[in-house]
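Following: one structure in structure tokens, then a few remarks.
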2 protein chains.
Amino acid sequence: MGVSKTHIFTTAQNELAQAAKVLAHPARIAILQYISQQENCICNDLVDVIGLSQPTISQHLNEIKKIGLLQGTYEGKNLCYCIDPKRWKELHLSFDAFFSNINQNCCQI
Amino acid sequence: MGVSKTHIFTTAQNELAQAAKVLAHPARIAILQYISQQENCICNDLVDVIGLSQPTISQHLNEIKKIGLLQGTYEGKNLCYCIDPKRWKELHLSFDAFFSNINQNCCQI
DNA sequence: ATTATATATTGCAATATTACGATGAAGCTA
DNA sequence: TAGCTTCATCGTAATATTGCAATATATAAT
């Protein structure tokens with residue numbers, strides 16, 4: 001089989017899992033960390049900074065873009081990728097809500 | 001190739017990605033949410049609550065256990081799985097630090 | 001128009017993940 | 001002991017992910 005049974009879970013559960021999946025690769029963590037620290041940036045920077053090939057970086061950027069974390073505009077021949085701060089904040093809140101919701105009294109030993 | 005080049009990233013980046021990978025499946029989100037709300041729980045509960053087979057639940061629990069998020073003890077024939085609140089807090093802080101670290105001035109449009 | 005540079009897409013190979021039936025191991029109950 | 005319950009592990013099939021070479025596309029500069 002190998003297919004995730006997404007239909008048996010809630011939308012919120014699927015969305016959080018989807019977001020986590022984007023963060024579930026060190027290259028994408030590194031890319032997001034780098035981008036979030038720049039005034040602007042282009043893909044070619046990332047190839048040098050991260051150390052993966054240009055097609056691979058492009059694919060990772062695409063994954064990040066899929067969950068709306070990037071906003072990009074062409075400036076001349078260079079593509080300027082930036083974090084969408086609104087979406088970033090949304091995800092921050094989602095993860096925070098998930099981690100905040102825990103019963104600390106669960107069978108302590 | 002298909003192998004993640006973990007060696008070109010920092011330990012922190014790999015660890016955060018590894019933690020995110022555990023959250024990158026709706027079943028594991030659901031399991032964690034369920035367990036964190038219970039005083040204690042057994043795998044058989046989860047099979048009914050989540051709706052996946054017992055071996056699949058067992059595998060998911062194992063993934064969650066790998067990053068130290070579960071502490072479990074046998075109580076009679078039943079296994080009592082619980083969240084490790086210390087580890088939970090650690091991960092909460094890691095994700096929080098990641099999301100807090102953003103330069104909001106990045107080329108806004 | 002031609003060339004150079006930057007990014008996207010395609011195709012493919014290697015590996016990882018997801019899921020479950022079958023089976024095994026461990027403990028309880030009678 | 002025999003049967004039952006609970007959970008882990010094995011084996012296997014389907015699908016997803018990761019990575020890159022090759023190639024395509026798009027803009028800039030000459």
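Model, not experiment: these values are computed from the prediction. Labels below follow one simple rule: chain letters A, B, ... track the order of the sequence lines, proteins then strands, and each chain is numbered from 1. Side chains included, hydrogens not; waters and symmetry mates left out as well; all remaining heavy atoms used.
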DNA chain C: A:T6 or A:D45, which has the more 5' nearest nucleotide?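 It is A:D45, whose closest nucleotide lies nearer the 5' terminus.
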For A:P55 and B:G51, take the nucleotide of DNA chain C holding the closest heavy atom to each; which residue's nucleotide lies nearer the 5' end?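 The residue closer to the strand's 5' end, by nearest nucleotide, is A:P55.
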Between [N] atom [atom2] and [X] atom [atom1], what is the distance in whole Å?
{"X": "B:K66", "N": "D:dT9", "atom1": "NZ", "atom2": "C1'", "answer": "13 Å"}
{"X": "A:L46", "N": "C:dA8", "atom1": "CG", "atom2": "C1'", "answer": "15 Å"}
{"X": "B:Q18", "N": "D:dT17", "atom1": "CD", "atom2": "C1'", "answer": "14 Å"}
{"X": "B:N62", "N": "C:dT17", "atom1": "CG", "atom2": "P", "answer": "12 Å"}
{"X": "B:L23", "N": "C:dT18", "atom1": "CG", "atom2": "C1'", "answer": "17 Å"}
{"X": "A:K65", "N": "C:dT9", "atom1": "NZ", "atom2": "P", "answer": "7 Å"}
{"X": "B:R28", "N": "C:dT18", "atom1": "CZ", "atom2": "P", "answer": "5 Å"}
{"X": "A:L61", "N": "C:dT7", "atom1": "CG", "atom2": "C1'", "answer": "10 Å"}

Counting only side-chain nitrogens and oxygens, does [X] get under 4.0 Å of the OP1 or OP2 atom of [N]?
{"X": "B:S58", "N": "D:dA8", "value": "yes"}
{"X": "B:H60", "N": "C:dA19", "value": "yes"}
{"X": "A:Y81", "N": "C:dA6", "value": "no"}
{"X": "A:T56", "N": "D:dG19", "value": "no"}

Should [X] and [Y] be regarded as members of a common hydrophobic cluster, given that ILVMFWY residues are connected when their side-chain heavy atoms come within less than 4.5 Å of each other, either directly or indirectly?
{"X": "A:Y34", "Y": "B:F9", "value": "yes"}
{"X": "A:L69", "Y": "A:I42", "value": "no"}
{"X": "B:V49", "Y": "A:I8", "value": "yes"}

So for B:Q59 and D:dA8, does any side-chain atom that can act as donor or acceptor lie under 3.5 Å from a complementary atom in the base?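 Looking at the base of D:dA8, it does not pair with any donor or acceptor on the side chain of B:Q59 (distance under 3.5 Å).
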Hey, does A:I42 reach any base, or is it just sugar-phosphate, or nothing, if we go heavy atoms under 4.0 Å?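 The answer is sugar-phosphate, as A:I42 gets under 4.0 Å only of primed atoms, P, OP1 or OP2.
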Upstream residue (5' side of DNA chain D) when A:L52 and A:K21 are each assigned their closest nucleotide: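 Checking each residue's closest nucleotide, the 5'-ward one belongs to A:K21.
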Counting heavy atoms from C-beta on, name the nucleotide in D:dC20, C:dT18, C:dA6 closest to the side chain of A:N44.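 My answer, after comparing the listed nucleotides, is C:dA6.
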What I'd like to find out is whether the side chain of B:S53 reaches to under 4.5 Å of the side chain of B:T56, using heavy atoms alone.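 Yes, at least one pair of side-chain atoms sits under 4.5 Å.
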Member of A:F99, A:F98, A:F95 meeting the ring-ring contact (aromatic ring centres under 6.0 Å, His included) criterion with B:H92: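 The ring-ring contact (aromatic ring centres under 6.0 Å, His included) with B:H92 is passed solely by A:F99 among A:F99, A:F98, A:F95.
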